[in-house]
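Heads up, the thing below is written out as structure tokens.
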2 protein chains.
Amino acid sequence: MSRPPTSRDLARLAGVSQATVSRVLTNNPKVNAETRARVLQVLKDANYTPNALARAMKTGRTDTIGVFMTRVTSPFHAELLDEIGRVLSSMGLHMILWNIEHDPEETIAAVVQQRLVDGFLLTSATYDSTLHTMAVTSGTPTVLLHRGIDGLDCDQVVGDNWQGAYDAGQYLVDAGHTDIGLVTLTHTGNTSRDRDLGFRAALADAGVKIKPSNVVSVGVPHADGHAAAEKLLSRKKPPTAIYTVTDLLAFGILDGARAVGARVPDDVWVIGFDNTDMAAWEAFDLTTVEQPVHAIVEAGVDLLRDRITNPDRPTQVVTLPCPLVIRGSTANRR
Amino acid sequence: MSRPPTSRDLARLAGVSQATVSRVLTNNPKVNAETRARVLQVLKDANYTPNALARAMKTGRTDTIGVFMTRVTSPFHAELLDEIGRVLSSMGLHMILWNIEHDPEETIAAVVQQRLVDGFLLTSATYDSTLHTMAVTSGTPTVLLHRGIDGLDCDQVVGDNWQGAYDAGQYLVDAGHTDIGLVTLTHTGNTSRDRDLGFRAALADAGVKIKPSNVVSVGVPHADGHAAAEKLLSRKKPPTAIYTVTDLLAFGILDGARAVGARVPDDVWVIGFDNTDMAAWEAFDLTTVEQPVHAIVEAGVDLLRDRITNPDRPTQVVTLPCPLVIRGSTANRR
DNA sequence: GAGATCTCTGTATACGTATTCATTGTATAC
DNA sequence: GTATACAATGAATACGTATACAGAGATCTC
């Protein structure tokens with residue numbers, strides 16, 4: 001129990017060379033059926049598992065994927081992480097998880113160089129971070145998931161945030177809303193940007209002006225949505241609908257509405273973005289734009305594995321549709 | 001860019017032997033100050049990072065901790081994971097995350113043997129799983145976090161679930177409740193068990209009987225809490241308070257109450273367990289027993305690191321207090 | 001029946017680092 | 001002045017695996 005048995009130990013036990021044991025382990029066809037059977041039996045009896053480090057050092061592959069994420073406690077991110085774990089595991093891959101908030105830049109830079117992983121999944125790329133460029137220039141296979149970077153020569157899988165936001169805007173306009181609140185994020189991801197721009201485009205196309213005072217830029221937490229709602233809804237003439245760029249903010253907005261006594265959807269409609277599991281809870285019953293988490297992760301991991309085996313193929317950007325999911329936080333009242 | 005530079009490459013560049021470069025890297029004092037400076041300069045210029053695999057193979061340490069968790073999307077687990085990531089990262093340790101639901105038993109067994117990690121943090125131990133025994137008998141340093149196993153010879157850090165539950169029960173009894181619902185979990189963790197037993201003990205000590213029909217056993221998801229609440233509250237004479245063993249179930253119960261038109265706390269009080277961030281949201285405003293996540297993780301990682309450097313010290317079980325946090329889902333009405 | 005082909009196995013080596021051992025040069029002691 | 005300690009470095013090796021290479025039988029071809 002002190003030292004795990006090595007392939008050499010087992011070779012001795014089976015009366016063959018270490019090379020033959022290794023051949024059995026790697027399913028090398030050039031090994032006699034009887035020999036293979038005998039070796040397999042010995043391996044099984046000894047409950048042997050190859051040393052992953054030695055194997056990785058020799059083959060250059062670790063069967064491990066590095067995942068960079070932020071704010072795991074955010075419902076959408078948790079769902080994304082869960083899905084990534086599920087998909088990687090189903091392919092026999094391990095996952096090392098780094099949190100962009102916690103891990104200092106130099107740690108990340110070191111990791112990118114270290115070849116600890118066969119590839120990276122970046123889920124939280126922002127324009128003011130250098131992580132994605134470090135990853136890409138390191139030559140390690142990398143896929144941007146969920147958040148993309150326009151023009152970056154790197155595989156990317158993103159939702160069609162712009163179109164989803166556009167649909168949400170159109171839905172509000174079609175329902176007759178003209179005084180509409182917009183709660184956006186201050187940070188610089190492509191998601192929040194497109195979810196902002198697409199929404200504005202829909203309103204502009206319909207000739208609906210959005211008042212500057214109806215636009216609030218906030219941080220990511222629930223409390224910020226709460227504060228934004230209080231600000232918007234405690235005005236003399238509050239907007240009749242509020243759209244925001246994440247479900248988490250929408251939950252905050254719903255809570256803020258509760259706090260100031262505004263009824264949803266009677267007094268104000270609320271629309272979020274992500275369609276997290278929680279959006280379907282009675283407490284929120286939130287109309288929201290769905291992100292196809294499963295499809296995004298599936299496609300992303302496929303791209304990554306493909307690139308690992310085929311590093312020189314041209315990069316690819318996959319965009320997946322984000323359908324509007326209508327629930328009780330909005331209601332056709334026209 | 002194709003092949004990362006090795007210590008041997010840099011040794012040549014610096015005009016020293018590979019051994020000297022290695023000594024510089026490991027802060028070996030037996031190296032001349034000038035030589036060290038020259039080597040460091042070369043390392044820096046080349047932007048060199050040691051190959052983690054080779055280093056791990058030689059030293060037997062990977063600076064990586066394996067974390068086993070389940071249902072990352074559950075709010076409490078997400079918070080726990082986030083905290084674990086923060087603490088490990090602050091100590092320069094990487095984290096490999098496995099999900100007990102997704103990863104098959106044999107994968108886990110292999111991992112435990114592989115020496116891929118310096119130690120394990122198990123956060124979801126249940127009595128009907130064999131994971132913890134596999135980990136412990138493998139000889140790899142292991143700490144049980146959050147969920148413990150009574151009598152297991154293994155370091156453990158858990159909240160005082162029994163006492164927290166007892167306090168919650170006493171609080172309800174003191175407020176005059178006599179018809180109390182209890183929503184428990186069907187699975188076999190020590191957490192749900194103690195949160196059940198402690199609560200019952202408080203009621204028993206106060207001479208309050210708990211009707212069998214008031215006890216519902218469910219699975220973990222929100223929907224199960226929802227269903228349980230509907231069942232309990234749609235009776236002719238529903239209980240005046242419901243206590244449950246996780247916040248997630250409590251959220252479901254609150255939503256179920258909403259669904260059947262029961263007002264909280266006017267018609268029914270609700271108490272959860274965990275004090276997740278969400279419990280403080282207006283939508284729930286949940287009275288709940290706090291789990292000291294930060295302290296649990298901090299203590300657990302300390303124990304783990306201690307055991308890694310000192311494998312033979314006796315095992316230790318740390319129990320941390322779980323205070324009751326009173327919010328709007330209950331109100332003193334006597 | 002001799003040469004050729006094929007199947008199987010063992011020997012030797014490499015991955016990149018940390019570390020033991022031996023060696024050189026320098027300083028110290030007498 | 002030699003003997004000894006010490007500081008600094010290089011050469012060699014080991015971690016455990018995968019694989020190129022070579023060699024030994026066995027089978028086949030004509």
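Chain letters run A, B, ... following the sequence lines, proteins first and then strands; every chain starts at 1. Not measured: the values here are computed from a predicted model.
For residues 46-58 of chain B, the set of pairs meeting the side chain to side chain donor-acceptor pair (under 3.5 Å) definition, not counting sequence neighbours, comprises A/Q113-B/T49. Applying the salt bridge (Lys or Arg N to Asp or Glu O under 4.0 Å) test to residues at least two apart or on different chains, the pairs with a partner in residues 301-314 of chain A are A/D155-A/R307, A/D155-A/R313, A/D306-A/R313. Residue pairs satisfying the ring pair (Phe, Tyr, Trp, His ring centres under 6.0 Å) criterion with at least one member in residues 97-125 of chain A, sequence neighbours excluded, are listed as follows: A/F68-A/W98, A/F68-A/F120, A/W98-B/H94.
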Can you give one letter per nucleotide of nucleotides 15-24 of chain C, going 5' to 3': B for a protein heavy atom under 4.0 Å from the base, S for sugar-phosphate only, - for none? BBBBBB----
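Atom CD of B/E34 is separated from atom P of C/dG25 by 18 Å (rounded to the nearest Å). The distance between atom CG of B/L53 and atom C1' of C/dA14, rounded to the nearest whole Å, is 15 Å.
Axis orientation changes by 50° from one end of the helix from C/dG1-D/dC30 to C/dC30-D/dG1 to the other, with each end axis drawn from 5 pairs and the value rounded to 10°.
Under the side chain to side chain donor-acceptor pair (under 3.5 Å) criterion, B/Q291 pairs with B/H146, B/D274, sequence neighbours left out. Taking A/D150 as the reference, A/R193 meet the salt bridge (charged side-chain N to carboxylate O under 4.0 Å, His left out) condition, with sequence neighbours excluded. With sequence neighbours left out, the salt bridge (charged side-chain N to carboxylate O under 4.0 Å, His left out) criterion links A/E298 to no other residue. Every residue meeting the side chain to side chain donor-acceptor pair (under 3.5 Å) condition with B/T315, not counting sequence neighbours, appears here in chain and number order: B/D153. Under the salt bridge (charged side-chain N to carboxylate O under 4.0 Å, His left out) criterion, A/D103 pairs with no residue, sequence neighbours left out. With sequence neighbours excluded, no residue forms a salt bridge (charged side-chain N to carboxylate O under 4.0 Å, His left out) with A/D277.
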Could you list, one pair per line, each protein nitrogen or oxygen that sits under 3.5 Å from a nitrogen or oxygen of nucleotides 5-8 of chain D, together with the distance?
none

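Between the B/R23 side chain and the B/K30 main chain, no donor and acceptor come within less than 3.5 Å of each other.
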